[in-house]
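To start, the structure under review is shown below, and the notes come after it.
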Amino acid sequence: MAKRERWQKNFSEWFSDILRDADIMETRYPVKGLFVWLPHGLKLRNSVLGIMRRLLEESGHQEVLFPQLIPENLFKKEAEHIRGFEGQVYWVTHGGHDKLDVKLALRPTSETSIYPMFSLWIRSHADLPIKLYQVVNIFRYETKMTKPMIRLREVTTFKEAHTAHADADEAEAQVMEAVKIYKRFFDELGVPYVVSKRPPWDTFAGARYSIAFDTLAPDGRTLQIGTVHNLGQNFAKVYGLKYEAAGGKHHYVYQTCYGISERVIAAVIMVHGDDNGLCLPPNVAPIQVVVVPIPYKAKEAPVEQIATAVKNELATAGFRAHLDDRNLRPGNKFYYWERRGVPLRLEIGPEDVAKEQVTAVLRDTGEKRAIPRKALGTKVKQMLDEIAENLRERAWKLFRESLKDAPDLGATKGIVKKRGGIARLPWCGQESCGKEIEEQTGGDMLGEELDGAQAPAGTCPICSKRAKTSVLVAKAY
RNA sequence: GGGGCCGUGGGGUAGCUUGGUCUAGCCUCCCAGCUUGGGGUGCUGGUGACCCGAGUUCAAAUCUCGGCGGCCCCA
């Protein structure tokens, strides 16, 4: 149980196999970088989104929905932004047989569609702050190799929040709130992460600075799973987002935006999986408990009857329960549901009937437990909580072990090349040295850890000057 | 950005070098029936494929070119 050989050594293969075998995603859609969500996968996606929506609503965000198309003139207003995105934009150039007078961009992100509307909505300080979000699909013309859920030409699950504030401090505080929300989000999913401030050359196009969350895939590569940007007044000035202050003066607003994509679902799948397939955290598992009857010949009736009763009891108690009464051998069903990541399985056979118990099997460890029928509800709840906790701890343990201090360039290179996780090394803070580190190690600089209180020990491995800070470097997806 | 490899039933593959014997083999999945039932039950039967287009040829899964799609390596 919990064997993780293929999961780790052959991760790429494991991942694409599991998307198919667990009915998550159909990867054969005949357009590069576009994929189909299957029922089981979509339920998982929607559960994950449910957590996100709850956290955002709790913190005063409101959901909106903007159009998919952005006119060229609006899209091209902010120079930095265009420079970052123009190479990846899909353009709609025709309507039927007519060539459009103004080309329309399929949004690669929505700043340029949302902020022009902000300029109509924001009149006075009383209109601020604005905290909106939407969950949409976006298109990016990726030239690199695409990968389901990870590198897409159509990101189908793009949660983007956009805020506007009266002053810089408030915007700064909003950035910190967003970081806090995302931490809670990933914590609820048991997905480990490190938060870092991206270096200037990897900052979101048009932002003052960017903060990013990264997790680790089983193959030792990092996966960026969330970003938070402080936009300052860049967009406000371009789109004319001004408000009237109490004294009657007009000021530009300060803005932030932050986003999460289906990469987070990829993260849930990868960090909790094993060689038998998925292992989903109970709070997002489409099926939390599967009941498998074991109908020995001539003893089918009581077994089936009790299995049904157990399933109904759990459903009534609010668990997502499923009874598998297919005419298959039990072992076959066990593998089937394990592959799909159902966290808890209850077996009911003649022996359980006789003893007024059910046999519970925990997906993460494979442990079997006899549960008295009478205690069913409370025990199931306990076991699901236990699985959630265990998954989180197991994932975090591996993550922590994979974040290593690297005293010099050689050590960093070793970690990056072997894809052994994330290296932490000293840095002088100069861009030229940073890029040289990336060049020489073949890794990507994630940036300076946000919570990293550790002293910047040692010297910059490139220029040998005293280090101003320490940064994380890894092979990134 | 540069280089290489690949595309055969739903999945994995054999066949391609040397065009014909391919009416395309095998494993798995799937469907039907019986059997079985606490970790992939067994038997019998069945459905299902040469990525698309053009070319060479008497003849193309096989050779050539283009498109689409996938994978890998380097930067």
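- Base pairing of C68(B) is made with G7(B), judged by Watson-Crick or G-U wobble geometry with both donor-acceptor distances under 3.5 Å.
- Annotation: G46(B) and C5(B) have their C1' atoms spaced 37 Å apart (nearest Å).
- Going from the C1' atom of G9(B) to that of A24(B) covers 11 Å, rounded to whole Å.
- Across the strands present, G45(B) finds its partner in C31(B); the criterion is a Watson-Crick or G-U wobble pair with both atom distances under 3.5 angstrom.
- In this structure, the nucleotide among G37(B), A75(B), G39(B) sitting nearest to the side chain of Asn327(A) is G37(B).
- Residue Trp14(A) contributes atom CH2, which lies 20 Å from atom P of G11(B) at whole-angstrom precision.
- Across the C1' atoms, U18(B) and C30(B) are found 38 Å apart, a figure rounded to whole Å.
- Rounded to whole Å, atom C1' of U28(B) lies 11 Å from atom CZ of Arg20(A).
- Of all heavy-atom pairs between Glu313(A) and Gly377(A), the closest is OE2-N, 4.5 Å.
- Minimum atom distance to the side chain of Lys32(A) is reached by G69(B), of the listed U36(B), G40(B), G69(B).
- With C71(B), G37(B), G38(B) as the choices, the nucleotide that has an atom nearest any side-chain atom of Met145(A) turns out to be C71(B).
- For a distance-only test at 3.5 Å, the side chain of Asp352(A) qualifies as a donor-acceptor partner of the base of G38(B).
- In this structure, Tyr335(A) packs face-to-face on the six-membered ring of G40(B), meeting both the 5.5 Å centre cutoff and the 30° plane limit.
- The base of G39(B) sits with one of its N or O atoms less than 3.5 Å from a complementary donor or acceptor on the side chain of Glu338(A).
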Show the numbers, then the answer: is there a salt bridge (charged side-chain N to carboxylate O under 4.0 Å, His left out) between Glu393(A) and Lys397(A)? CA-CA 6 Å; Glu393(A) 275 173 22; Lys397(A) 182 167 181 287; over 6 Å; no
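- Across the P atoms, G7(B) and C51(B) are found 8 Å apart, a figure rounded to whole Å.
- Side-chain atoms of Arg45(A) and Thr157(A) include a donor-acceptor pair closer than 3.5 Å.
- A donor N or O paired with an acceptor N or O is found under 3.5 Å between the base of G38(B) and the side-chain atoms of Glu347(A).
- The interatomic distance linking Arg28(A) (CZ) with U8(B) (P) rounds to 12 Å, in whole Å.
- When heavy atoms are screened at a 4.0 angstrom cut-off, Lys144(A) is found touching base atoms of the nucleic acid.
- At a threshold of 4.0 angstrom between heavy atoms, the contacts of Glu439(A) are confined to the sugar-phosphate backbone, with no base atom among them.
- The main-chain N or O of Leu391(A) is never found under 3.5 Å from a side-chain atom of Asp364(A) such that the two would form a donor-acceptor pair.
- Comparing Pro30(A) and Lys333(A), the nucleotide of RNA chain B nearest to each residue sits closer to the 5' end for Lys333(A).
- For the C1' atom pair drawn from C63(B) and U28(B), the interatomic distance equals 33 Å after rounding to whole Å.
- As rounded to the nearest Å, G19(B) and G1(B) have C1' atoms that lie 39 Å from one another.
- Summarising the geometry, the separation between CZ on Phe35(A) and C1' on G69(B) is reported as 11 Å, rounded to the nearest angstrom.
- The base of G42(B) is not paired with the side chain of Arg329(A) by any donor and acceptor separated by under 3.5 Å.
- Between C43(B) and U21(B), the distance separating the two P atoms is 33 Å to the nearest Å.
- Toward the 5' end of RNA chain B, the nearer of the two residues Arg326(A) and Arg339(A), judged by each one's closest nucleotide, is Arg326(A).
- Annotation: G2(B) and A60(B) have their P atoms spaced 37 Å apart (nearest Å).
- Rounded to an integer number of Å, the gap from CG of Asp23(A) to P of C29(B) is 16 Å.
- Residue Leu328(A) contributes atom CG, which lies 10 Å from atom C1' of G40(B) at whole-angstrom precision.
- Distances shorter than 4.0 Å separate some side-chain N or O of Tyr296(A) from OP1 or OP2 on G38(B).
- Closest contact between the side chain of Asn332(A) and the listed nucleotides U41(B), A75(B), G37(B) involves U41(B).
- Pairing of G25(B), defined by two Watson-Crick or G-U wobble distances under 3.5 Å, is identified with U13(B).
- Between the CE atom of Met25(A) and the C1' atom of G11(B) there is a distance of 19 Å, given to the nearest Å.
- Closest to the side chain of Pro350(A), out of G38(B), G37(B), G1(B), is G38(B).
- Relative to the six-membered ring of Phe139(A), Arg153(A) misses at least one condition, a distance below 6.0 Å or an angle of at most 45° to the axis.
- Atom pair Asn276(A):CG and G40(B):C1' shows a separation of 11 Å (rounding to whole Å applied).
- Because its NZ or CZ atom is both nearer than 6.0 Å to the ring centre of Tyr336(A) and within 45° of the ring axis, Arg340(A) counts as a cation-pi partner of that residue.
- In plain terms, the two heavy atoms of Glu78(A) and Val238(A) that are nearest each other are CG-CG2, 3.7 Å.
- A cation-pi arrangement is not found for Arg419(A) relative to Phe11(A), the charged atom failing to lie both closer than 6.0 Å to the ring centre and inside a 45° cone about the ring normal.
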